[in-house]
> 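Just passing along the structure, written as structure tokens.
Residue indices begin at 1 and follow the sequence shown. Only this structure's heavy atoms are used, side chains among them; waters, hydrogens and symmetry mates stay out.
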Amino acid sequence: MKLQVPFLQLPLLFDHAALAAEIAAIDARWWRGRTQNDDGNSALTLVTTRGDPDSDELSGPMRPTPALAQCPYLMQVLEALGVTLGRSRLMRLSGQAEVRAHVDINYYWRERMRVHVPIVTTPSVRFQCGEGEVNMAAGECWIFDTWRRHRVLNAGNETRIHLVVDTVGGERFWDLLAQARPPGQRGPEWRPALVAPQPGRPAPALEFENFNEPKVMSPWELREHIVFLLGEAVADPRMPAIQQALLRFARRWQALWAATGDGDAGVPRYRALLEGIGGELQSLGAGEIGLKNELGFLHALRSHVLDMAVASPASAGDESRMDRHGDSHGDPHGGMHAGAAAVPERPALRVPGAGSRDPVFDRPLFIISPPRSGSTLLFETLAGAPGLFSPGDESHALIEGLRGLSPAAHGWDSNRLLATDADAETAATLRERFHRQLRDRDGRPAGAAPVRMLEKTPKNALRIPFLRAVFPEARFVFLYRDPRQVLGSMIDGWRSGDFRMYPQLPGWDGPAWSFLLTPGWREGGGRPLEEVVARQWASAATTLLDDLQALPADAWTSIVHDRFLADPQGEMERLCGWAGLDWDRRLGASLPLSRYTLTAPDPQKWRRHEAAIEAHRPLWEPAAARAEALLRR
């Protein structure tokens, strides 16, 4: 379900130790992997279709599994939520593992909220959703916006376990939701109620879903889904014609409903309407339209309407039901939901030998810069080049989810990674992770190799030797922005709390550490935030400049943020020419805001912090002067 903010905490607290003890007593054989790979993701079902503990179906009556009957306090927790229960599970994530970035496009989640109750967790578990990130503490109760891209990274070594409940809500739940609060500072009115265990209490009477898929979708529901997706579509000159086609389709559906309702007699005519609108949308180019959350418009419309408006025949079998929910053949953005186990595992993608061409990754592009330099805007623009594939988001979890690559594995020294960190197994696994997540501008997965890849993550400013070892043909685009503008934006980012990366950084007594962890970070301990940020930028800039200058001259190029903003078309054509890419789009004089923009762009915003930035000029000016000299080469 789409929410106004990425996360909301409900005013409930639970005894996580009691829950953990209850779960520990369950037979370990009830746990099963969520995918065919041994990737650290496993689940224990509590409420499923007809109570079948091995079922991942999303349609049909939901009932408790035998495991739930063994957990009286868990049942009291479910009762306290005040909801009609849909599919509910315990979700386990091993240390140094991840839930890959994805969006819940499935019909089942269109109008359902996902409630999380952390039971076993640590401060190193990060839940990222859209532009937000939280560490959900044990015993708390949260919901989040499943319509935004989200992922989970367990950067520590301990296993994380959450109770995860999918629900359409309930009368008491809406009262709780009205009191919910987003992450951040809380006033004295915030007093979550503790729901303590009640030993010996009879099992509560829980309410379960019985109807969760239409036989024939009503015209009112159909129209609501269409209006929602039209509102989520990215602006495109083809949209008016697509909107008119969908309006005609909805009106015809309503007329047929008035005559036949959801009776069997009307089903062939409903199917004919669906077939007709599907073909018309394809001819109008709807398959090329995107949504604000980076999904494809037509793909989402199929998941919410075209594939769900009429129930599949009973003879279609399980595979048809899985397709209708968009599961067994996979979310195009890497979803990790039911049916993901059906996705076959690719063989490891080994690094080619010295002197050999890379048969998989053809000259992959990495945008390199300190944080808040405008890399997201550059990435989102360049990702529009034809034939270019990207993971769709920053690669924090892809890289740090591998054992030995997180800061914790390096004594919390920094995010710095060298070629020596890219042993054969690590490199092959990381190449496979990237390849699996790649999508082009239309949401299509990477096909036959070799593939052109684009990636950007600010931490990669500290990883150039490592990336070069994993991707021998890697090319780097150094994005430079006036450091005063960057420093002002970084200060705002730290203070916003939206970019907290290591909230429990060992040995750090300042505000929750935000952005990348740079070499020498400990020297900023106890210093003003503006000095911490100046040291952070200078360390990142110095490291990336050292690494770039150690590369062959043809392995990297540069782009200046201000010039890019002044002439986006010209800079894109120049950059694509250097990279050997085509460019088939015409950009306007101004570009849309990037997804991580905090406030409206203004080149003078940094002057709010001018005095502090200038006071620390000796820390950042040497790296700035060196970068500017290098740009003039």
> Restricting to non-hydrogen atoms, name the atom on P391 and the atom on L454 that form the minimum distance, rounded to 0.1 Å.
CD-O, 3.3 Å
> What's the separation between atom NE2 in H304 and atom CD in E224, rounded to the nearest 0.5 Å?
10.0 Å
> Measure the shortest side-chain to side-chain distance between V103 and T146 over non-hydrogen atoms and say whether it is less than 4.5 angstrom.
no
> Charged N to carboxylate O under 4.0 angstrom, R114 versus D166?
yes
> Please list, one pair per line, the donor and acceptor atoms closer than 3.5 Å that link side chains of residues 249-267 to other protein atoms, with sequence neighbours excluded.
from : atom 1 : to   : atom 2 : distance (Å)
W253 : NE1    : M217 : O      : 2.8
Q254 : OE1    : R223 : NH1    : 3.2
T260 : OG1    : L256 : O      : 3.0
T260 : OG1    : Y270 : OH     : 3.4
D264 : OD1    : K215 : NZ     : 2.8

> Are the side chain of R452 and the backbone of D362 linked by a donor-acceptor contact shorter than 3.5 Å?
yes
> Taking F366 as the fixed residue, which of F361, F379, F471 is the one that meets the ring pair (Phe, Tyr, Trp, His ring centres under 6.0 Å) rule?
F471
> Taking only Lys NZ, Arg NE, NH1 and NH2, and the carboxylate oxygens of Asp or Glu, determine whether R363 and E473 approach each other closer than 4.0 Å.
no
> For side-chain contact (heavy atoms from CB on, under 4.5 Å), just list the numbers for L274 and V310, CA-CA rounded to whole Å, side-chain angles, deciding distance to a tenth of an Å, and then say yes or no.
CA-CA 9 Å; L274 291 168; V310 179; 3.9 Å; yes
> Only counting residues at least two apart or in another chain, list the ones meeting ring-ring contact (aromatic ring centres under 6.0 Å, His included) with F228.
W147
> In the structure I gave you, are the side-chain heavy atoms of L85 and E207 within less than 4.5 Å of one another anywhere?
no
> Establish, from distance only, whether the side-chain atoms of S42 and R92 form a donor-acceptor pair under 3.5 Å.
yes
> Can you give me the closest heavy-atom contact between G384 and R585, atom names plus distance?
O-NE, 3.6 Å
> Quick one about N210 and R63 (side-chain donor to acceptor, distance below 3.5 Å, no hydrogens or angles considered), yes or no?
yes
> Any side-chain heavy atom of H299 sitting closer than 4.5 Å to one from I105?
yes
> Give a yes or no answer on whether the side chain of D442 reaches the backbone of R444 with a donor-acceptor pair at less than 3.5 Å.
no
> Can you establish whether the number of heavy atoms outside Q569 located under 6.0 Å from its atom CD is more than 12?
yes
> Main chain of T45, side chain of T48: is a donor-acceptor contact present, judged purely on distance under 3.5 Å?
no
> Look at the side chain of H102 and the backbone N and O of R100, then say whether any donor-acceptor pair between them is shorter than 3.5 Å.
yes
> Could you tell me which non-hydrogen atom of L291 sits nearest to which non-hydrogen atom of A300, and how far apart they are?
CD1-CB, 3.7 Å
> Honestly, is R112 close enough over Y108, meaning NZ or CZ under 6.0 Å from the six-membered ring centre and within 45° of the axis?
yes
> Taking all heavy atoms of S375 and all of I367, pick out the closest pair and write down the distance.
CB-CG2, 4.0 Å
> Quick one about N154 and E98 (side-chain donor to acceptor, distance below 3.5 Å, no hydrogens or angles considered), yes or no?
no
> Salt-bridged, R148 to D145, with N to O below 4.0 Å?
yes
> Quick one: does any side-chain atom of S218 pair with a main-chain N or O of E221 as donor and acceptor, under 3.5 Å?
yes
> Decide yes or no on side-chain contact (heavy atoms from CB on, under 4.5 Å) for V470 and F434, but give the supporting numbers first.
CA-CA 11 Å; V470 176; F434 270 102; over 6 Å; no
> For the residue pair H116 and F127, categorise the inter-ring angle as parallel (less than 30°), tilted (30 to 60°) or perpendicular (more than 60°).
perpendicular
> Can you see which heavy atom on M91 is nearest to which on A43, and at what distance?
SD-CB, 3.8 Å
> Looking at every non-hydrogen atom in both residues, tell me the closest pair between N212 and M62 and how far apart they are.
ND2-CE, 4.0 Å
> Angle between ring planes, H225 versus Y107, binned at 30° and 60°: parallel, tilted or perpendicular?
perpendicular
> With side-chain contact (heavy atoms from CB on, under 4.5 Å) as the test, would you mind laying out the steps for Q128 and V152 before giving the verdict?
CA-CA 6 Å; Q128 300 169 345; V152 184; over 6 Å; no
> Could you check whether any side-chain heavy atom of F564 comes within less than 4.5 Å of a side-chain heavy atom of T381, counting everything from C-beta outward?
yes
> Considering only residues two or more places apart or on different chains, which pairs with a residue in residues 229-244 satisfy salt bridge (charged side-chain N to carboxylate O under 4.0 Å, His left out)?
K2-E232, D236-R238, R238-E288
> Given side chains that start at C-beta, do those of V125 and L153 come closer than 4.5 Å, heavy atoms only?
no
> Does some side-chain heavy atom of V360 sit less than 4.5 Å from a side-chain heavy atom of P450?
no
